[in-house]
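These notes concern the structure reproduced below.
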Amino acid sequence: MRPKRILAAMLLVALFILPAASAGLGIIASSAAPGLTGDFRTDVVNLGKYLEGKGVNEVKFSVMAAGDPNSVLRMYGIVEGAAKINKIWEEEGINVRIKIDTIWEPDFKKQFDNFVAQYELGQNGDFFVNSYVYIATLVNDDRLLDITDWVKAYWDTVFSDFYKPLMEAAQYKGKYYAIPQDTEARPLYIRKDVAACMGWNLEGLDEKVKAGEFTWKDVYMKAKEAVDKRCSKWGLIHRKGSAHPDLIQFIFAFGGTLYNPQTGKLVVDREAVYKWLATEKAFADANLLPRDILEWDWATQIHPTIVGEKGTLFDIGGTWYWTEWQTKDYYQDPKTGEKRPLTPQEVQEKFYYTLFPAGEPGKDPVTLSQPFMWMIAANAGKDNPGYDDPEMRDAYQKLAFLIVVGASDPEINAIHSIISAHVPVRKAAAALLEDEQWIQKLRSLDLDLTEETKNAIREIVAKTADPINIKFLASVSYMLDYTKLAPSHPYYSKLAGVFKDAVDRVLKGQSSPEDAIKYIENKVKADPDLRGNVEFKGTIPKGWKLVEETKPAETKTEAQQTQAQETQQATEQAQETMEETATGQAEEEGGFPTALLAIVVIIVIAAAAYFLLRK
Amino acid sequence: MARRGRQALFFLLPMLILVVAFYILPLILTAWISFTPLTNWRVRDQLDDFVGLENYVNLYYLARYDPDFHKVLQTTLVFVTFTLFINVVGGLVLAILTYLIDERISLAYRLLWLLPRMTPLAVFGLLWYYFFYGGPQGTLNSFLLKLGVIDEPVRWGTDPAMLPYSAWAIIVFVNGLVGVSYGMIIFYSAFKNIPRELIIAARVDGARTWEVIRHILVPMVRWHIVFVTVWQLLSLITSYTHLFVLVQWSVVDKWYGTTLALYVFNTAFFDVKNQGFAAAAAVILVIIGSILGLVTLRIMRFSQMISPPRGDI
Amino acid sequence: MGEGIGEGGPLVRGTMGIVIILALLLASLPIIMTYSTLILTSFANTIVSSPWVKFRFTLENWRLFLEGKLAPTAGVVYTPEDILRFIVNTAIVAGGVTLVVLAASVTSAYAFSRMNFFMRSGMMRLLILLHAFPGVALIVGVYAIYVFLNSYIPRDYSVYYSFIFVIIARASLEIPMAIWILKGFFDRVPWELEWATIVDGGSRLTALRTAVLPLVKPGIAAVAIFAFLAGWEDLIYVLVFLPPHEKTLATYIESQLGSGTLETTYLPVVAAAGTLYLIPTIIFFVVTQRLLLETMSGGLKG
């Protein structure tokens with residue numbers, strides 16, 4: 001019996017050792033995944049052969065995307081990218097296929113929450129399609145894949161065609177973590193009928209704005225004229241609430257900054273912020289801008305005023321307004337009295353659009369974009385066999401990158417722009433928007449897309465591929481050359497929230513612009529997240545006004561100018577002293593609640609102790 | 001003794017397991033987290049990083065330097081006091097009134113008053129937004145304009161001229177509508193548990209409605225009153241969700257509509273998920289809440305009520 | 001006034017009854033007004049915030065919502081979502097929470113009411129003080145437990161795991177409340193009833209089931225409605241623990257009115273969603289009230 005036992009024991013040992021040994025050998029023997037060359041087809045074939053050699057026949061990925069329903073290509077773009085690769089593999093006889101799971105969420109902020117909460121569980125999407133503002137946070141948390149080397153490999157063939165500011169937005173600390181997916185611009189809309197009423201010829205205005213000849217000072221004058229001549233009720237309407245990016249444009253238009261690349265900190269540029277607040281105040285004081293605009297209702301006040309008869313001359317909005325007005329019942333038809341959407345022709349007849357003008361002479365016009373990005377999760381490929389082997393993981397992640405390259409195809413980008421009213425991210429896509437033949441093909445969906453995607457967008461294409469709208473998008477693409485981006489910093493949105501509160505105070509007359517800046521400083525100082533991440537810059541330009549109302553356009557004598565300079569220096573000094581006092585004041589102000597809090601806590605503890613110890 | 005203990009344990013076990021696993025354990029974890037820099041759910045990476053008292057120091061800074069903090073404190077005090085009053089007394093009144101009237105009408109009223117509690121949070125914000133909306137199309141404005149009470153639309157919760165009282169009135173009113181149903185349902189069910197013969201007998205003896213309320217109904221629900229008071233007190237100190245939507249929809253002024261709990265939530269969660277900081281604030285809130293809760297239990301003579309269990313073999 | 005207060009009839013009749021009904025009506029006006037806004041808007045092409053708003057009657061919102069087309073944008077086109085699935089998910093969570101809460105709290109409340117054991121009074125106090133801990137802070141700890149347990153769950157079962165977890169975790173938050181309420185009801189039930197059962201040879205569990213439970217139905221009704229509501233309307237637990245594509249009605253509606261979507265949301269369709277959301281809770285309320293409250297009469301004889 002003994003030999004049998006020994007044999008059994010040996011078998012048992014072998015059972016345990018063999019797999020381990022073979023696994024070990026396997027790791028030693030496993031070859032590195034092929035590198036990326038920059039040629040899509042070659043790379044796809046190499047990777048496919050590599051995976052096939054490893055015995056992999058199906059690769060699973062999932063995509064988490066967000067946005068309004070018309071932005072479905074954020075999700076199907078990935079499906080298309082995978083389909084391109086599958087097709088190449090099929091043609092080459094490689095027996096591997098990619099399968100994509102899709103997860104959609106209308107609110108991009110919520111999708112971000114989903115992504116971070118699911119990441120620890122390994123149930124996050126391998127692809128994450130969301131605003132660039134999250135790149136910094138996600139990179140700091142090690143949630144995104146560094147794709148710098150691969151982007152460089154594909155630079156000449158693909159990424160050199162992208163608008164430069166957008167590619168910069170895809171970087172964090174000098175490395176690429178994302179690829180731009182779509183973007184928008186925020187034009188200044190001007191009502192043509194109101195302009196006509198006041199006898200203002202708009203022709204060539206966009207060029208003047210581009211050259212910095214038409215500034216916010218002129219916007220103010222024109223707005224005042226329109227209201228004075230009773231051509232419109234308001235001079236200016238802008239967005240509200242969390243929609244502050246539009247207003248942040250003022251900071252850039254007055255030559256300010258929001259971010260210091262040297263220190264990596266956010267910046268409160270006192271001069272630019274002051275001028276912005278003073279501009280808002282000037283408009284509100286002259287009754288050109290509603291004091292409670294930040295509380296206006298989107299559906300019943302803001303949009304109806306913008307499109308309504310004699311509503312407003314100027315409006316700061318996004319490119320998506322163009323189709324928003326064609327979607328919902330904002331316009332009250334004067335003939336029937338019924339509320340209805342505008343037609344594309346009507347929108348075109350009613351609205352002129354330009355860049356966001358420079359704040360004052362000598363500054364530049366701007367627009368602000370918040371591009372969406374394709375991002376690849378740091379754990380991409382997690383649902384596939386052999387993921388724990390670093391070489392295999394590398395292969396899956398390269399494949400994920402290639403899917404994004406496929407999704408960045410000009411056609412997909414152009415279709416997305418048209419159906420979701422966004423601006424293309426690359427020039428080849430912008431060119432397609434002006435290609436009549438291609439647009440014809442799009443209408444009949446005679447394009448190289450999967451059936452899944454075609455079904456998803458068929459209805460949307462039928463409704464949105466209107467020549468007027470496409471022309472509008474093509475004609476605002478130039479704005480991307482002027483575009484500014486709010487910093488991709490984990491705490492930026494929080495700082496922007498403080499700015500919004502400051503604007504509200506100024507508009508309602510609760511604070512002067514000076515006080516509002518003090519308010520911003522105190523808020524930043526108090527907030528645990530902002531305190532160490534924001535720096536202050538510059539001083540308040542004392543006495544600066546958007547327009548000198550008493551003496552219009554009078555040229556100053558040299559003596560006056562010197563005097564003015566002296567006064568300015570004096571005010572600057574005074575400013576510095578004031579700042580010191582202000583800090584002291586702030587501390588005193590803080591004394592009140594702290595004392596109160598302390599007293600309350602002491603009373604409560606004493607009372608509790610009394611009651612509890614009485615027995 | 002041992003048998004008795006085992007028997008009690010048998011009855012308590014399901015509750016004990018759940019409460020320990022999903023209440024006490026997370027609670028200890030939260031206290032632990034308050035000493036870590038945890039952000040964005042990164043429990044794997046950050047649960048063993050320690051920053052000492054940093055989160056508590058940050059809380060102190062916030063209280064000391066934020067220009068709006070004293071508004072938040074005042075609002076908390078006003079909000080908790082008045083809403084608690086409405087929730088308990090209003091709930092009791094509603095329960096009594098609906099108990100007295102015809103059951104079918106009563107059911108309709110109870111349902112009506114339960115609606116605010118049933119409404120999804122986002123829709124709740126939407127409803128009160130249009131009710132108090134500052135333009136002429138706001139529900140309240142449109143009625144008052146038609147009746148000639150006001151000449152032009154009023155921005156109820158945000159007009160600087162009427163702050164802070166208008167904003168406080170709105171948050172107390174709107175939260176009262178949600179909270180009052182809680183007491184109502186509990187008290188009503190407790191009334192229903194009183195044998196009807198008791199009341200009928202009293203009626204036959206010539207007791208007036210008021211006397212029935214005072215001598216039968218209210219004494220019978222004393223335990224429930226204690227419970228509702230303490231429970232709602234703790235709720236009001238720690239909950240923020242309904243206030244959050246009111247502030248987010250600009251129904252009320254941002255700072256005169258913000259209580260401590262909401263303030264903490266906004267600072268720690270709204271833009272940046274600073275969970276270590278939130279945990280520190282929660283620890284402070286729980287200390288305040290526990291003390292207030294214990295004091296209230298003491299004032300309401302809780303220990304007299306809880307004494308001897310009947311039927312202990 | 002003492003007339004006619006037999007079984008079932010109202011306790012107050014005549015003028016007094018009418019006065020009470022009218023007073024309640026007056027107090028209910030704001031609620032009636034706001035909910036009329038909601039329901040009317042769900043049948044209109046615009047927000048009917050006052051009786052003087054001009055609107056067009058339409059069933060379009062309901063059709064769109066039931067087809068899962070909640071959010072329109074450019075060109076009035078929609079991407080449908082599976083509403084039925086969201087409704088089922090919501091029902092699973094709400095029903096699950098109700099069952100778990102009732103199962104765990106009935107026995108415990110009975111023990112607190114009837115037995116003496118170590119730390120009894122202390123535990124009662126502790127249970128209510130647990131509520132002082134804000135759920136939003138607690139959830140990080142619950143999440144850590146979820147992540148820890150998740151590594152033992154095979155991937156194929158993770159959806160079931162997340163549903164069970166969300167139900168139990170959410171139910172746990174309601175248990176202290178349920179125990180307190182139910183104890184108040186148990187305390188009112190005379191001990192002699194159970195004693196009779198126990199003397200006849202039944203166990204305490206049998207005594208609880210046959211003799212006591214029928215008498216605390218109103219308490220169970222109260223607990224059930226709150227537990228059901230807690231599960232039905234829960235946002236944050238569902239959001240964090242259910243996989244992103246498994247939505248409930250509450251999270252679905254919330255996602256349409258979040259800060260990132262508010263600007264372009266078409267509110268009349270959301271009003272339809274909000275109205276539909278209310279219906280099951282109303283039914284649940286009416287049924288529990290009818291079943292558990294109406295039969296109550298007498299109680300102890302002798």
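Every chain is numbered from 1, with letters handed out A, B, ... down the list of sequences.
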Legend entry - Residue A/D527 versus chain B: region with a heavy atom under 4.5 Å: both
Legend entry - pair B/F35-B/Y56: side-chain heavy atoms closer than 4.5 Å: yes
Inset, instruction - Can you tell which part of B/F277 gets under 4.5 Å to a heavy atom of chain A, answering side chain, backbone, both or neither? - result: side chain
Inset, instruction - Sort A/D297 into side chain, backbone, both or neither according to what part of it lies under 4.5 angstrom from a heavy atom of chain B. - result: both
Inset, instruction - Spell out, as yes or no, whether a donor-acceptor pair under 3.5 Å connects the side chain of A/E105 to the backbone of A/K110. - result: no
Inset, instruction - Could you tell me whether the side chains of B/D49 and B/Q46 share a donor-acceptor contact shorter than 3.5 Å? - result: no
Legend entry - Which residues share a salt bridge (charged side-chain N to carboxylate O under 4.0 Å, His left out) with A/E338, sequence neighbours left out: C/R56
Inset, instruction - Check whether B/N40 gets within reach of chain A through its side chain, its backbone, both or neither, counting any heavy atom under 4.5 Å. - result: both
Legend entry - Output field: ring centroids B/Y65/B/Y61 closer than 6.0 Å: yes
Inset, instruction - Go through the atoms of A/R143 and report whether side chain, backbone, both or neither lie under 4.5 Å from a heavy atom of chain B. - result: side chain
Legend entry - Structural part of A/Q510 lying under 4.5 Å from a heavy atom of chain B: side chain
Legend entry - Check ion pair B/D68-A/K523 (N to O, under 4.0 angstrom): yes
Inset, instruction - Please determine, among A/E120, A/K494, A/K508, A/R291, the option with the most heavy-atom pairs under 4.5 Å with chain B. - result: A/E120
